[in-house]
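Quick notes on the structure that follows.
Just so it is clear, the structure is predicted and the values come from calculations on it, not from any experiment.
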Amino acid sequence: MFKDCKCMYIPPFVLENLVRAGIEGARSAIHQSELSREKRSAKVVDMEVFTGVTTAPPGTASRQVYDCQNKWIQRVKLVRGEGDPVTGDDAVNDTYDYSATVRDYYKNVLNRNSVDNLGMNLILNVHFGVNYMNAFWDGDEMTFGDGDGNIFVNFTKSLDVVAHELTHGVTQFTANLKYYSQTGALNEHFSDVFGSVITQYQKKQTADNADWLIGDEIMGPELYGEALRSMKAPGTAYDNALMGKDPQPDHMKDYYSGSGDNQGVHINSGIPNKAFYLVAMDIGTDKAALIWYTALQKLWSTAVFNDAVNITVEAARLLIKDGKVAKGATQTVRAAFKAVGLPL
């Protein structure tokens, strides 16, 4: 199974722009994204555990929150386990709460038992590194930086971040989409979709009143009001001297074909993102999410955009047959993909 995905929340081109703008903390974020999984995950597993912290057996979908104590390694100190009381650390508590929201959405709405559908425990690391400007899923656990408080705030403050990164785990244990080119863009796309879907679910929003922004909650004072991506209008999320200009296309005619960003995994995801937005606006976010989740389970590790279109249309048809979505959804999905230039 493809586990070394280095699925980083902040895209590399944003970090590179921040470095050019003189933001020193962006350098360490780039460095960490380039490390191998083995070096990045030189864990100090359970060397220190607070008295009274609950340790749960594997396969119980239990949460385990570790404090990295600003070291560049994971699992330094286990500080909160499943069912343990609130701590005095907001990062610990936010991560604990948001990961439950994600876990419970997948369980209660999509009948999925944790990220692997086998009750995989959720390992969550907070306070990783010093002012670390990113969060990532590395194949078996989540890790969150504190940000610098000026460009980015603590990544644990955002449900969207937690849902996005844990969904990389869901994708890993279903389609196992490789993390490059169109296949990697689909990987990022599904994380954007369910990051937004779960945020809307938690806030009791609809497609009509959701903001459809990705990453707006972790913007610090210098970038307040910006976002990393917009599913509603790819290419408009940001335009400033620090981050640069949002490069996402919303149509295949503007497809990025360069070598950067693992051949555009964060860039070209804007194309299927726009398609999902259009479907959700027509039939509702909940029904669109069901179609996309059904499609995800039928994809394979090297699937590209055209494959995803065909499988998603087929998923809509099957769900109509089962009475889970209304008639017309097939045509809605097909029209949404056509609107963004797919299939080719």
Side-chain angles (χ1 to χ4, degrees), residues 7 9 97-115 117 122 135 137 142 155 157-175 177 185-218 227-234 237 248 250 266 269-299 308 311-313 315-316 319 324-326 329 332-333 336-337 340:
C7 300
Y9 192 73
D97 292 341
Y98 286 152
S99 59
T101 300
V102 178
R103 178 193 63 188
D104 295 349
Y105 170 84
Y106 276 111
K107 179 66 175 178
N108 298 333
V109 178
L110 298 176
N111 196 31
R112 184 181 187 88
N113 186 10
S114 191
V115 295
N117 206 22
L122 303 181
W137 167 264
M142 270 295 311
F155 285 75
K157 290 183 178 293
S158 171
L159 171 59
D160 173 67
V161 171
V162 180
H164 177 105
E165 294 301 329
L166 285 176
T167 297
H168 278 305
V170 172
T171 297
Q172 173 185 317
F173 286 100
T174 49
L177 293 166
L186 288 173
N187 196 320
E188 279 295 329
H189 161 65
F190 280 104
S191 279
D192 278 353
V193 163
F194 285 99
S196 185
V197 166
I198 294 170
T199 297
Q200 290 181 40
Y201 178 81
Q202 191 259 354
K203 293 182 176 180
K204 295 180 171 56
Q205 294 176 331
T206 66
D208 291 312
N209 60 29
D211 59 31
W212 293 100
L213 296 175
I214 305 296
D216 57 307
E217 295 167 318
I218 48 92
L228 289 177
R229 291 181 288 283
S230 169
M231 297 184 70
K232 177 180 181 179
Q248 276 205 316
D250 64 0
H266 293 91
S269 58
I271 296 168
N273 278 2
K274 181 61 179 282
F276 179 84
Y277 164 78
L278 293 173
V279 173
M281 289 297 292
D282 191 299
I283 67 173
T285 300
D286 56 342
K287 298 303 183 185
L290 180 59
I291 293 171
W292 254 249
Y293 179 68
T294 302
L296 176 62
Q297 296 173 90
K298 297 177 181 296
L299 289 173
I311 293 296
T312 306
V313 170
L319 289 168
K324 294 180 179 179
V325 298
T332 294
V333 171
F337 279 117
V340 299

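Sorted by first and then second residue, the pairs that involve residues 98-111 and meet salt bridge (Lys or Arg N to Asp or Glu O under 4.0 Å), not counting sequence neighbours, are Glu82-Arg103. Identified under the salt bridge (Lys or Arg N to Asp or Glu O under 4.0 Å) test for residues 269-294, with sequence neighbours left out: none. Counting only residues at least two apart or on different chains, the salt bridge (Lys or Arg N to Asp or Glu O under 4.0 Å) pairs with a member in residues 201-213 are Lys203-Glu217.
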**Message:** Determine whether His266 and Gln248 satisfy the following criterion, side-chain hydrogen bond (donor to acceptor under 3.5 Å, both in side chains), listing intermediate values before the conclusion.
**Reply:** CA-CA 8 Å; His266 293 91; Gln248 276 205 316; over 6 Å; no
**Asked** Does the pair Gln200 and Thr206 meet the rule for a side-chain contact (heavy atoms from CB on, under 4.5 Å), with working shown?
**Response** CA-CA 7 Å; Gln200 290 181 40; Thr206 66; 5.8 Å; no
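Side-chain atoms of Gln205 never come within 3.5 Å of backbone atoms of Tyr201 as a donor-acceptor pair (strictly under, hydrogens ignored). Judged by distance alone, with hydrogens and angles left aside, the side-chain atoms of Ser158 form no donor-acceptor pair with the main-chain N or O of Phe155 at under 3.5 Å. The backbone N or O of Asp160 lies less than 3.5 Å from no partner atom in the side chain of Tyr98, so there is not a single donor-acceptor pair.
In summary, of the residues considered (Leu166, Val115, Asn187), a side chain to side chain contact (heavy atoms under 4.5 Å, CB included) with Thr171 occurs for Asn187 alone. Each of Thr167, Thr101, Asn111, Asn117 was compared with Tyr106 under the side chain to side chain donor-acceptor pair (under 3.5 Å) criterion, and only Thr167 meets it.
The nearest pair of heavy atoms linking Leu122 to Ser99 is CD1-O, 3.9 Å. Between Ala315 and Ile291, the shortest heavy-atom distance links the atoms CB-O, 3.7 Å. The two residues Leu296 and Thr174 have their closest heavy-atom pair at CG-OG1, 3.6 Å. Considering all non-hydrogen atoms of both residues, Ala308 and Leu299 come closest at CA-CD2, 4.0 Å. Listed here is the closest heavy atom pair of Thr285 and Ala207: OG1-CB, 3.4 Å. What you find for Ala336 and Val279 is that their closest heavy atoms are CB-CG2, 3.5 Å.
Taken to the nearest 0.5 Å, the OG atom of Ser196 stands 5.0 Å off from the CD1 atom of Ile214. The distance from the CZ atom of Phe276 to the CZ atom of Phe337 is 10.0 Å, given to the nearest 0.5 Å. Here the CZ atom belonging to Phe190 is positioned 8.0 Å from the CH2 atom belonging to Trp292, to the nearest 0.5 angstrom. If you take CG on Asp97 and CG on Leu159, they are separated by 10.5 Å, rounding to the nearest 0.5 Å. For the atom pair Leu186 CG and Ser191 OG, the distance stands at 11.5 Å (nearest 0.5 Å). Atom CG of Leu213 sits about 11.0 Å away from atom CG of Asp192, to the nearest 0.5 Å.
Residues Leu290 and Leu110 are in side-chain contact: their nearest non-hydrogen atoms beyond the backbone lie under 4.5 Å apart. With contacts defined as side-chain heavy-atom distances shorter than 4.5 Å, the pair Val197/Tyr293 does not qualify. Residues Tyr105 and Arg112 fail the side-chain proximity criterion, which asks for heavy atoms closer than 4.5 Å. Taking 4.5 Å as the limit, some side-chain heavy atom of Met231 sits within range of a side-chain heavy atom of Val193.
Taking the six-membered ring where the residue is Trp, the centroids of Tyr9 and His164 are separated by under 6.0 Å.
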